[in-house]
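For ligands, and for the atoms within them, numbers begin at 1 and follow the listed sequence. Quick note: numbers below take in every heavy atom, side chains included, and nothing from hydrogens, waters or symmetry partners. Keep in mind it's a predicted model, so treat the numbers as computed, not measured.
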Amino acid sequence: MTSRNQSTAHHAQGGITIVVGAQWGDEGKGKWIDWIAGGADIVARYQGGNNAGHTLYIKGQKVVLHQVPSGIFHAGQTCVLAAGVVINPGELVRETAKVAPYAKVTPDNLWLSARAHVITPWHVATDGRREAQREASSGSAIGTTRRGIGPTYSDKTARSGLRLGDYVNTQARKNWIATMASASEEFARNLETNASDWAAFAAAAQQLAPFVCDAEARVRAAAANGKKILMEGAQGTLLDLDHGTFPFVTSSSTIAAGACASLGIPPRAVSGIYGIAKAYLTRVGAGPFPTELTDQTGDAIRERGQEFGATTGRPRRCGWFDAVAMRYAQDVNGFDGVILNKFDILSGMDELKIAVAYEHPELGRIDQFPWDPEVLAACKPVYKTFKGWHGELPKQGGIESLPEAAREYIKAIEQSSGIKVVAAGTGPGRDEALLGGDLQRLVTLDA
Ligand code: GDP
Ligand code: IMO
Ligand code: MG
């Protein structure tokens, strides 16, 4: 058993490891990144913004991180928000204050990419307005977190956004605001009606300025010097802008390839890619979800698993494990291994199901995750049923210490999804981790 309580000296051999959510987010990335980060020198968030909510337990205290990378609680490490991230400055300042009792945040251990785009009060307002418009026109909003994520990425792709490096430069920031106000009456109105939000927005620039740098160049230099880099994904594969269940997705590239684009590192430099999945499935917000359980079983999973959004508090939709979606995540990301999380939540159920294929009323049996959300919405899962297990699960040790029924369940998931399960989560705490023999590379982060 490898303990993460040992202090981790810097290792001679470097490597770049990417950790990706394999489902619709909230798989337990925060807990596992915190655990894996014990072997890293640098932990970099590569996309998303404060739509993410990553939960960790530090000294028994629950901490939810929205923007600060989940490696911040390891002394001697550097955390990075890379170019592909969007940053809400005021929220980031508040978050660094929140973690202050556990971790000192300085420009030495938090690097903010000058290339990252900034979420302004205007973007937050626009997110809410667009959701209301969607609801009014089609009756179906996306169910975004209303944190301004979509509008900020829209302005980035339209090449009209504000980058962090310009935001912390008072004149550049003022110029950007003036340009936007002259282009859009609504923006100008927002400036007037939300004057206090904009004043706070400007004030945060002074606080963040010392942290802003060419973070990507620094990370590349560190990698060349043999440092170990851990890339932390937010959201999950099925929420990816290109490969997820569009339009019910987030606005960034959540998949493993997105990490390379965000950090500006050559894909061939990556030495390991790991997925994190729940042993069942959840989704927050709207969009198709073939294995969703809208009955008592779904309610029981939600209650036991405390499946309520870490960012918005919304109840998460719960359902059975979907091997079709998992196979797709494996294909898209090329995982070296997958961590299967929250096994303890399934304890006490008499039987468990895994969707191994879909049945569509017109198209018949479907084995591949469809690109069309309407097709996906019409799919009924083809289930295989498994015997459940009862009682408290071990919190430490190897995967082989799980009850036989749980091991059979893992084997079935591996076979039906083509993944390799390298660890199992049996509790929210940092050390509540059951490891498989193949986890060694992930633990040491060796190239
Ligand atoms: P993230 O967004 O992927 O970091 O996941 P969230 O933090 O949004 O949601 C995961 C939830 O499950 C959090 O409340 C965690 O504390 C909790 N959690 C993580 N791993 C486990 C586990 O193995 N068992 C249990 N019971 N809870 C877990
Ligand atoms: P973590 O990192 C789960 C969902 C929202 C909505 C859609 C678009 O904690 O796993 P957005 O605000 O991004 O425009 O919303 O994506 N969503 C998440 N669901 N976990 C997340 O992050 C999410 N971030 C966004 O609920 O359906
Ligand atoms: Mg979350």
Is Gly53 close to ligand 1, meaning an N/O of one under 3.5 Å from an N/O of the other? yes
Could you see which bit of Trp32 sits under 4.0 Å from ligand 1, with heavy atoms only: side chain, backbone, both or neither? neither
Give yes if a backbone or side-chain nitrogen or oxygen of Val249 is under 3.5 Å from a nitrogen or oxygen of ligand 2, and no if not. no
Any nitrogen or oxygen of Gly427, main chain or side chain, under 3.5 Å from a nitrogen or oxygen of ligand 1? yes
May I ask you to test the Met231-Leu263 pair for a side-chain heavy-atom distance under 4.5 Å? yes
Under 3.5 Å side-chain donor-acceptor pair for Asn190 and Trp198: yes
Side chain or backbone of Leu56 under 4.0 Å from ligand 1, or both, or neither, by non-hydrogen atoms? neither
Ligand 2 contacted by Gln235 (non-hydrogen, < 4.0 Å): yes
Just jot down the ligand 2 atoms closer than 4.0 angstrom to any heavy atom of Ala52, in number order. 1 (P), 2 (O), 9 (O), 22 (O)
So Phe201 and Tyr167, would you call those rings parallel, tilted or perpendicular, with 30° and 60° as cut-offs? tilted
Say whether Gly28, considering both its backbone and side-chain N or O atoms, lies within less than 3.5 Å of an N or O atom on ligand 1. yes
Is there a nitrogen or oxygen of Lys29 sitting under 3.5 Å from a nitrogen or oxygen of ligand 2? yes
Within-shell test, Gly53 vs ligand 2, heavy atom, strictly < 4.0 Å: yes
Between the side chains of Thr312 and Arg314, does any donor sit under 3.5 Å from an acceptor? yes
Validation row: Val375, Ile366 side chains within 4.5 angstrom (heavy atoms): yes
Under 4.0 Å from any heavy atom of Asn341, which atoms of ligand 1 are there? 19 (C), 20 (N), 21 (C), 22 (C), 23 (O)
Quick one: which ligand 1 atoms are inside 4.0 Å of a heavy atom on Gly425? 23 (O)
Taking atom types as modelled and ignoring hydrogens, do the side chains of Gln235 and Thr254 form a donor-acceptor contact shorter than 3.5 angstrom? no
Heavy-atom contact check, 4.0 Å cutoff: does Phe248 meet ligand 2? no
Under 3.5 Å, N or O to N or O, is Asp127 touching ligand 2 that way? no
Counting neighbours of NZ on Lys98 that are heavy atoms of other residues, nucleotides or ligands and sit closer than 6.0 Å, is the number greater than 12? yes
Below 4.0 angstrom, N of the basic side chain to O of the carboxylate: do Glu91 and Arg94 qualify? yes
Proximal atoms of ligand 1 relative to Gly30 (non-hydrogen, under 4.0 Å): 4 (O)
Going by the 4.0 angstrom heavy-atom rule, the piece of Asp26 near ligand 1 is both
Give the numbers and elements of all ligand 1 atoms closer than 4.0 Å to a heavy atom of Tyr57. 16 (O)
Is the centre of the Trp389 ring less than 6.0 Å from the centre of the Tyr409 ring? yes
Quick check: does Gly30 put an N/O/S atom under 2.8 Å from the Mg ion (ligand 3)? no
May I have the step-by-step check of salt bridge (Lys or Arg N to Asp or Glu O under 4.0 Å) for Asp34 and Lys31, ending in yes or no? CA-CA 5 Å; Asp34 170 47; Lys31 168 204 157 163; over 6 Å; no
Report the member of Thr250, Asn51, Leu239 with the shortest heavy-atom distance to atom 17 (N) of ligand 2. Leu239
Any donor-acceptor pair under 3.5 Å linking the side-chain atoms of Asp155 with those of His123? yes
Between Arg115 (side chain) and Ser262 (backbone), is there a donor-acceptor pair under 3.5 Å? no
At less than 4.0 angstrom from any non-hydrogen atom of Ala310, what atoms of ligand 1 do you find? 8 (O)
How about Thr144 and Arg134: does a side-chain donor come under 3.5 Å of a side-chain acceptor? no
Among Lys342, Glu432, Arg316, His54, whose heavy atom sits nearest atom 9 (O) of ligand 1? Arg316
Is there a heavy atom of Arg314 sitting under 4.0 angstrom from any atom of ligand 2? yes
Near Ile345, which atoms of ligand 1 are under 4.0 Å from a heavy atom of that residue? 26 (N)
Identity and separation of the nearest protein heavy atom to atom 3 (O) of ligand 1: Lys29 N, 2.7 Å
Do any nitrogen or oxygen atoms of Ala286 come within less than 3.5 Å of a nitrogen or oxygen of ligand 2? no
Please check whether Gly25 reaches ligand 1 - meaning an N/O of the residue sits under 3.5 Å from an N/O of the ligand, judged on distance alone. no
Filtering Gly285, Ala310, Gly143, Ser252 for the heavy atom nearest atom 6 (C) of ligand 2 leaves Gly143
Please find the N/O/S atom of Asp26 nearest to the Mg ion (ligand 3) and write down its name. OD1
Please report whether the ring centroid of Trp176 lies less than 6.0 Å from that of Phe187. yes
Of the side chain and backbone of Pro428, name the one, both, or neither that has a heavy atom under 4.0 Å from an atom of ligand 1. both
Could you tell me whether Thr145 and ligand 2 have an N or O pair separated by under 3.5 Å? yes
Report the part of His54 in contact with ligand 2, treating N, CA, C, O as backbone and CB onward as side chain, heavy atoms under 4.0 Å; options are side chain, backbone, both, neither. side chain
Check: Glu216/Ser113 side-chain N/O donor and acceptor closer than 3.5 Å: yes
For atom 15 (C) of ligand 1, the closest protein heavy atom turns out to be Thr55 CB, 3.9 Å
Can you name the atoms of ligand 1, numbered from 1 with element, that are less than 4.0 Å from a heavy atom of Asp344? 22 (C), 23 (O), 24 (N), 25 (C), 26 (N)
So Lys411 and Gln415, do their side chains get closer than 4.5 Å, heavy atoms only? yes
Output the list of atoms in ligand 1 that are nearer than 4.0 Å to some heavy atom of Lys31, sorted by atom number. 19 (C), 20 (N), 23 (O)
Report, in ascending order of atom number, the atoms of ligand 2 lying under 4.0 Å from any heavy atom of Trp24. 3 (C), 19 (N)
On a heavy-atom basis, which atom in Tyr358 and which in Pro370 lie closest, and how many Å separate them? CE1-CD, 4.1 Å
